[in-house]
Amino acid sequence: MTAPLTYPFCVLFILVTELCERFAFYGFTGSLVCFFKTRGFHSDAASELTSLFGSIVYLTPVLGAYVADVHLGRFQTIAWFCALYIIGLALTTAGAWPTIGPNAIPEDLALTLAMVGLFGCVTVGAGGIKSNVVVLGADQFQLPEQAKEQESFFNFFYWCINIGA
């Protein structure tokens, strides 16, 4: 008989978080160039901003790892950075609101909301998730007793990444 998981809720939390994060990330980054172009950026600048966004997303896991190791722990870091990520998605969505028509918001405000959402919240939020979610998953299993369960978890984790993407 194998030992119970340390925190069964965490395993589901990790899988759902990764699925949703990948779905959100690839759902809107694929259209960022078009979005920036609709906001008045030239094609080159729109591509540069999209590449900068991707670069920052893959640099911020260093911050996420530091926060988890020194200050909050993995679960709290993931939870707080998820909240920041969701706020960033909401700000970006608000920034995509039409800037013409009867319910329009000013163009400068829309662009500011989108930039703060993308570069201030989503990039940092993604860093806190990326650096901790897989490690927190591995921590839920007692080895060697639960090696088979851990292998199954990583299989599901892999599928959550790919389905979300």
Nearest-0.5 Å distance, [atom1] of residue [X] to [atom2] of residue [Y]:
X: Arg74; Y: Ile129; atom1: CZ; atom2: CD1; value: 15.5 Å
X: Ile86; Y: Cys121; atom1: CD1; atom2: SG; value: 11.5 Å
X: Thr29; Y: Phe35; atom1: OG1; atom2: CZ; value: 13.5 Å
X: Cys34; Y: Arg39; atom1: SG; atom2: CZ; value: 12.5 Å
X: Leu109; Y: Leu113; atom1: CG; atom2: CG; value: 4.5 Å
X: Glu149; Y: Leu143; atom1: CD; atom2: CG; value: 9.5 Å

If hydrophobic clusters are built by linking Ile, Leu, Val, Met, Phe, Trp and Tyr wherever their side-chain heavy atoms come under 4.5 Å apart, do [X] and [Y] end up in the same one?
X: Leu19; Y: Phe153; result: no
X: Val11; Y: Trp159; result: no
X: Val33; Y: Phe53; result: no
X: Leu118; Y: Tyr26; result: yes
X: Phe141; Y: Phe154; result: yes

More than 12 heavy atoms of other residues, nucleotides or ligands under 6.0 Å from [atom1] of [X]: is that the case?
X: Phe23; atom1: CZ; result: no
X: Tyr158; atom1: OH; result: no
X: Phe41; atom1: CZ; result: yes

Donor-acceptor under 3.5 Å (Ser51 side chain, Glu48 main chain):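 Looks like no, no N/O pair under 3.5 Å.
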Any donor-acceptor pair under 3.5 Å from Glu21 side chain to Thr17 backbone: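 Checking the backbone N and O of Thr17 against the side chain of Glu21, no donor-acceptor pair under 3.5 Å is found.
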Nearest heavy-atom pair of [X] and [Y]: which atoms, and what distance?
X: Thr60; Y: Val57; value: OG1-O, 3.3 Å
X: Ser131; Y: Gly64; value: OG-C, 3.3 Å
X: Ala165; Y: Arg22; value: N-CB, 3.8 Å
X: Ala110; Y: Ile105; value: CB-CD1, 3.7 Å
X: Gly125; Y: Tyr85; value: C-CD1, 3.7 Å
X: Ala68; Y: Asn132; value: CB-OD1, 3.1 Å

Beyond-backbone contact of Val134 with Glu18, side-chain heavy atoms, under 4.5 angstrom: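 Not touching, per the 4.5 Å side-chain cut-off.
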Under 4.5 Å side-chain linkage, directly or through intermediates, the cluster mates of Val124: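 Its cluster mates, by chain and number, are Leu63, Tyr66, Val67, Val70, Leu72, Trp80, Phe81, Leu84.
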Parallel, tilted or perpendicular: ring planes of Phe119 versus Phe36, cut at 30 and 60 degrees: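 Phe119 and Phe36: parallel rings.
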